[in-house]
Amino acid sequence: MGKENRVVRVDVADHVATVTLDRPPVNAVDAATLLEIRDAFRSLDDRREVRAAIFTAAGDRAFMGGADLDSVADRRDAAAASPVLQTDPGRVVREAMWAITDCAVPVIGAINGAAIGAGVAFAACCDILVAAESASFGTLEINVGLLGASAHLSQLVGRHKAREMFFLGEKVPAAELYRLGAIRAVVPRDKLLDVAGEIAAALAEKSPIALRLAKESMNRVENMPLKDAYRTEQDYTARLLGYEDSAEARRAYLEKRPPQWKWR
């Protein structure tokens, strides 16, 4: 895909990267789009100036309208990008999702419209969610002869609500996910990026080293038994204490001044 045809944009300003999916009419994803999402988030890992990211989409209709059904029937089109994908076409989806989950910095999902099927899974891969009042979430795959990421849905809403939504193939409004604690805020569409930006700016004030170690630590301990998880967190705390920025955080706190991060 030529650069002029890309549907994923990455803009960086004030230590915040904004990744925008723009694939009209409903931001449905095919193999090429998934590869762009993967590469966009992987590209942030080595950029020291980036301390937080926002993942959103263009338009008001949809955040991500699921898989492009025109490409589902022949998923081997992914093999054009990599021979490995010929025998494992689902790999491209997983790699795009894990690029968000494993992104070195926290990712705020700014859900501008309907998150359908894969859109729910990609939202769940983000660390913090805000949504437009018109946004909705639905795993509709059962209605079109597919199955989807029920595990991601369960992370958002819990076991029984996930099964209800998954089996019935229905959409629920963002307000319902806010009630369940999955979404930080539901706001008017024209305020969505402002609110996401405020959260990202607050994150960007933290130690960039601490943020990256915190995200890596939380990812590692998420499914561990409690004792193993806490021991792992202690190990990460010990790593953080070895950085000059860790001491600077404590000095700045005691001296009531903004910290000066030096990335060392």
Side-chain angles (χ1 to χ4, degrees), residues 1-12 16-47 49-50 52-59 61-127 129 139-141 144 146-153 155 196 212 215-216 219:
M1 176 177 288
K3 185 175 182 180
E4 67 278 4
N5 296 322
R6 290 191 179 278
V7 297
V8 177
R9 301 192 307 271
V10 180
D11 302 292
V12 178
V16 176
T18 300
V19 179
T20 305
L21 171 63
D22 188 358
R23 190 171 188 261
V26 293
N27 297 316
V29 292
D30 59 3
T33 303
L34 291 164
L35 289 171
E36 285 194 46
I37 293 172
R38 180 198 68 183
D39 293 345
F41 281 97
R42 284 182 176 177
S43 74
L44 304 181
D45 292 349
D46 293 327
R47 298 185 64 168
E49 77 275 21
V50 174
I54 296 170
F55 184 28
T56 192
R61 188 172 173 185
F63 167 68
M64 186 184 292
D68 185 337
L69 294 181
D70 291 335
S71 70
V72 169
D74 184 13
R75 297 187 72 182
R76 293 184 185 276
D77 64 347
S82 170
V84 175
L85 300 181
Q86 187 168 0
T87 56
D88 184 10
R91 177 174 173 175
V92 67
V93 184
R94 297 194 305 273
E95 288 185 347
M97 290 178 181
W98 305 157
I100 298 172
T101 299
D102 297 331
C103 182
V105 300
V107 178
I108 301 159
I111 313 303
N112 55 295
I116 304 300
V120 172
F122 276 93
C125 289
C126 299
D127 299 289
L129 295 177
T139 45
L140 312 184
E141 287 90 342
V144 292
L146 300 171
L147 295 178
S150 65
H152 291 83
L153 182 59
Q155 284 190 321
R212 288 171 178 244
K215 178 157 183 184
E216 184 180 326
N219 280 351

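Quantities reported herein were computed from a predicted structural model and do not represent experimental measurements.
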Chemist: Verify, without hydrogens or angle tests, whether Lys215 (side chain) and Val105 (backbone) share a donor-acceptor contact under 3.5 angstrom.
Modeler: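 Flag set: sc Lys215 to bb Val105 pair under 3.5 Å.
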Chemist: My understanding is that only residues two or more places apart in sequence, or in another chain, count here; which of them pass salt bridge (Lys or Arg N to Asp or Glu O under 4.0 Å) with Arg23?
Modeler: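 Arg23 satisfies salt bridge (Lys or Arg N to Asp or Glu O under 4.0 Å) with Asp30, Asp68 only.
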Chemist: State, to 0.1 Å, how close Ala53 and Leu44 come at their nearest heavy-atom pair, and which atoms those are.
Modeler: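 Taking every non-hydrogen atom into account, CB-CD1, 3.9 Å.
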Chemist: How would you list, by chain and number, every residue that makes a side-chain hydrogen bond (donor to acceptor under 3.5 Å, both in side chains) with Arg38, sequence neighbours excluded?
Modeler: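 Result, side-chain hydrogen bond (donor to acceptor under 3.5 Å, both in side chains) vs Arg38: Glu95.
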Chemist: List the residues meeting ring-ring contact (aromatic ring centres under 6.0 Å, His included) with Phe55, not counting sequence neighbours, and say none if there are none.
Modeler: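 Phe55 satisfies ring-ring contact (aromatic ring centres under 6.0 Å, His included) with Phe41, Phe63 once adjacent residues are dropped.
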Chemist: Under 3.5 Å, sequence neighbours excluded: what are the donor-acceptor pairs made by side chains of residues 97-104?
Modeler:
unit_1 : atom_1 : unit_2 : atom_2 : d
Thr101 : OG1    : Met97  : O      : 3.4

Chemist: Might you point out which heavy atoms bring Val12 and Arg47 nearest each other, and give the distance in Å?
Modeler: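 For Val12 and Arg47, the tightest heavy-atom pair comes out as CG2-NH2, 3.6 Å.
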Chemist: Side chain of Asp22, backbone of Ala58: donor and acceptor closer than 3.5 Å?
Modeler: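 No.
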Chemist: Asn27 pairs by side-chain contact (heavy atoms from CB on, under 4.5 Å) with which of Thr33, Thr20, Ile116, Leu21?
Modeler: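 One option only clears the test, and that one is Leu21.
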Chemist: Decide yes or no for Val29 and Val93: does some side-chain heavy atom of the first lie under 4.5 Å from some side-chain heavy atom of the second?
Modeler: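 The answer is no, as the side chains (C-beta and beyond) never meet within the 4.5 Å cut-off.
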Chemist: So which atom in Ala121 and which in Ala149 form the shortest heavy-atom distance, rounded to 0.1 Å?
Modeler: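 Heavy-atom minimum between the residues: CB-CB, 3.7 Å.
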Chemist: To the nearest 0.5 angstrom, please state how far the CG atom of Leu34 sits from the CG atom of Asp39.
Modeler: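 One gets 11.0 Å once the value is rounded to the nearest 0.5 Å.
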Chemist: Considering only residues two or more places apart or on different chains, which pairs with a residue in residues 106-121 satisfy salt bridge (Lys or Arg N to Asp or Glu O under 4.0 Å)?
Modeler: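 Qualifying pairs: none.
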Chemist: Taking the side chain from Asp127 and the backbone from Val107, do they hold a donor-acceptor pair closer than 3.5 Å?
Modeler: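 Confirmed, Asp127 side chain pairs with Val107 backbone.
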Chemist: If you compare all heavy atoms of Val7 against all heavy atoms of Glu36, which two are closest, and at what distance to 0.1 Å?
Modeler: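 Nearest heavy atoms, Val7 then Glu36: N-OE1, 3.0 Å.
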Chemist: Considering all heavy atoms of both residues, which atom of Ala62 and which atom of Gly65 are nearest to each other, and what is their separation?
Modeler: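 Heavy atoms only, the tightest pair is CB-N, 4.3 Å.
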Chemist: Drop me the distance from Thr56's OG1 to Met64's CE, to the nearest 0.5 angstrom.
Modeler: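 Going from OG1 on Thr56 over to CE on Met64, the span is 10.5 Å.
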Chemist: Provide the closest heavy-atom pair for Ile111 versus Ala123 in the form atom of the first, atom of the second, distance.
Modeler: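 Looking at all heavy atoms of both residues, the closest pair is CD1-CB, 4.0 Å.
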Chemist: Listed by chain and number, what are the side chain to side chain contact (heavy atoms under 4.5 Å, CB included) partners of Ala196, not counting sequence neighbours?
Modeler: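 Ala196: side chain to side chain contact (heavy atoms under 4.5 Å, CB included) contacts with Ile54, Ile108, Ala110, Val130.
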